[in-house]
Amino acid sequence: MLEKLTKWKSTMSSQEKSKDIDDINVPKHIAIIMDGNGRWAKQKGLPRIAGHREGMKVINKIVRKADDLGIEILTLYAFSTENWKRPKTEVDYLLKLPERFLNKELPTLIEKNVKVRLMGSIDKLPEHTKKAVAKAVKDTENNTGLVLNFALNYGSRYELMNAVKEIAQQVERGSLQASEIDESVLTEHLMTAELRDPDLLIRTSGELRLSNFMLWQVAYSEFWFTDVLWPDFNEQHLVEAISVYQKRARRYGGV
């Protein structure tokens, strides 16, 4: 265990440390669309699964750095509802990654007071994935540090559709009046009901779209896009994104 905790500590050089970040204005919730694993592998003449394997290693570094910076919530888009369209061999591999990551890192996450959380359609996941995630959630439920929120088999349109259905059922039962429906009511029925909205959304690989990710929640988030492919993303890129975020003025529609 001591070895694991030692690995958790930052090993960056003095130049890479977070000297450009204002500790007071660190975004409390960062959401990341981890994109570019397949392209990274293709550039190197490797199978796509090699990119996903390398991308999983990056998660370790970014979670450590986020915790070090005092970020409260880190949401990672791990598998979307649209990813089922990919070749079966790739889908099967992708759905084994949460199990591999959590089996290896769970002891360290527990020691570092990280709380693992999941949002998505759990029932459609393979049993081995559900079992690994359920154990991680259970074993860290009392932790009070960084919330590591995995979006797994998640799609924002599906989430919103289900929220509307639940609200409609309440209206049908008479427990809610249509006139009482407002933004707070809808928010309470989302998979992120107990979380604050992301302050900063990061997407890697150069794509400039949301890809059905937290469409309601990122209404007033700051966006930071980078051409860096996810397997090449590192702690300094995270620092750079936060530094850019801190230079922006968030007015939420005001002056």
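- Remark: Lys65 engages Asp68 in a salt bridge, criterion side-chain N to carboxylate O under 4.0 Å.
- When only modelled atom types and interatomic distance are considered, Ser221 and Asp197 share no side-chain donor-acceptor pair under 3.5 Å.
- Under the side chain to side chain donor-acceptor pair (under 3.5 Å) test applied with His189, the options Glu159, Lys165, Gln170 reduce to a single match, Gln170.
- Of all non-hydrogen atoms in Ile62 and Glu235, the two that sit nearest each other are CD1-N, 4.1 Å.
- Tyr245 has its side chain out of reach of Ile30: every pair of non-hydrogen atoms, C-beta onward, lies at least 4.5 Å apart.
- Put simply, the side chain of Val133 reaches to within 4.5 Å of the side chain of Leu102, judged on heavy atoms.
- Rounded to the nearest 0.5 angstrom, Asn143 CG and Leu109 CG are separated by 9.0 Å.
- The side-chain heavy atoms of Trp230 and Ile32, taken from C-beta on, include a pair separated by under 4.5 Å.
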Using residues 71-88 as the side-chain source, report each donor-acceptor pair under 3.5 Å to any protein atom, sequence neighbours left out, with the distance given to one decimal.
from	atom 1	to	atom 2	distance (Å)
Thr75	OG1	His29	NE2	2.8
Thr75	OG1	Asn149	ND2	3.0
Tyr77	OH	Tyr154	O	3.4
Tyr77	OH	Ser211	O	3.2
Tyr77	OH	Asn212	O	3.4
Ser80	OG	Glu82	N	3.2
Ser80	OG	Asn83	N	3.2
Ser80	OG	Asn83	OD1	3.4
Ser80	OG	Asn83	ND2	3.3
Glu82	OE2	Asn212	ND2	3.2
Asn83	OD1	Ser80	N	2.8
Trp84	NE1	Asn153	OD1	2.7
Arg86	NH1	Glu90	OE2	3.1
Lys88	NZ	Asp92	OD2	2.8

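- The closest side-chain heavy-atom distance from Ile202 to His237 is not below 4.5 Å.
- Listed for the Thr204 side chain is no donor-acceptor partner under 3.5 Å among the backbone atoms of Leu229.
- In terms of heavy atoms, Gln236 sits closest to Asn234 at N-OD1, 3.0 Å.
- The number of heavy-atom neighbours closer than 6.0 Å to NZ of Lys130, taken from other residues, nucleotides and ligands shown, is above 12.
- For NZ of Lys96, the number of neighbouring non-hydrogen atoms (other residues, nucleotides, ligands) closer than 6.0 Å is 12 at most.
- Counting only distance, with no hydrogens or angles, the side chain of Asp22 and the backbone of Ile24 share a donor-acceptor pair below 3.5 Å.
- The aromatic rings of Phe223 and Phe225 sit perpendicular to each other, their planes meeting at more than 60°, with 30° as the lower class boundary.
- Across every non-hydrogen atom of Ala50 and Trp40, the tightest pair is O-CZ3, 4.0 Å.
- One finds the CZ atom of Arg53 at 8.0 Å from the CG atom of Leu46 (value rounded to the nearest 0.5 Å).
- Screening Lys104, Glu111, Lys112 against Thr108 for a side-chain contact (heavy atoms from CB on, under 4.5 Å) leaves a single residue, Lys112.
- One hydrophobic cluster, built from ILVMFWY side chains closer than 4.5 Å, cannot hold both Leu118 and Leu106; they sit in different ones.
- Classification of Glu141 and Lys138 as a salt-bridged pair holds, one side-chain N sitting under 4.0 Å from a carboxylate O.
- To the nearest 0.5 Å, atom CD1 of residue Ile167 and atom CG of residue Asn162 are 11.0 Å apart.
- Residues Val228 and Val63 are members of one and the same hydrophobic cluster, defined by side-chain heavy-atom contacts under 4.5 angstrom among Ile, Leu, Val, Met, Phe, Trp and Tyr.
- A chain of hydrophobic side-chain contacts below 4.5 Å, direct or via other Ile, Leu, Val, Met, Phe, Trp or Tyr residues, connects Met191 to Leu215.
- Remark: the backbone N or O of Ala132 is not paired with any side-chain donor or acceptor of Glu99 at under 3.5 angstrom.
- In this structure, the separation between CD on Glu54 and CD1 on Ile49 is 12.5 Å, given to the nearest 0.5 Å.
- Across Leu94 and Pro98, no two heavy atoms sit closer than the pair O-CD, 3.2 Å.
- Classification of Glu207 and Arg39 as a salt-bridged pair holds, one side-chain N sitting under 4.0 Å from a carboxylate O.
- Residues Trp216 and Thr187 have side chains that bring a donor and an acceptor to within less than 3.5 angstrom of each other.
- Residue Met119 holds its CE atom at 4.5 Å from CE of Met214, rounded to the nearest 0.5 Å.
- Taking each heavy atom of Val114 and Thr140 in turn, the nearest pair found is O-CB, 3.3 Å.
- Note that the CD atom of Glu240 and the CD1 atom of Ile21 stand 10.5 Å from one another [nearest 0.5 Å].
- Heavy atoms of other residues, nucleotides or ligands lying less than 6.0 angstrom from CZ of Arg157 number 12 at most.
- For the pair Asn37 and Gly55, the tightest heavy-atom approach, listed with the atom from each and the gap, is OD1-CA, 3.9 Å.
- Val239 and Val58 fall within the same hydrophobic cluster, defined by Ile, Leu, Val, Met, Phe, Trp and Tyr side-chain heavy atoms under 4.5 Å apart, directly or through other members.
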**Report entry** side chain to side chain contact (heavy atoms under 4.5 Å, CB included) evaluation trace for Leu125 with Leu95
**Finding:** CA-CA 8 Å; Leu125 296 174; Leu95 292 177; 3.9 Å; yes
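- Between Thr129 and Ile122, the closest side-chain pair of non-hydrogen atoms is not below 4.5 Å.
- Following chains of ILVMFWY side-chain contacts shorter than 4.5 Å, one cannot reach Leu201 starting from Leu152, and the two form parts of different hydrophobic clusters.
- The backbone N or O of Leu208 sits nowhere less than 3.5 Å from a side-chain atom of Arg203 that would complete a donor-acceptor pair.
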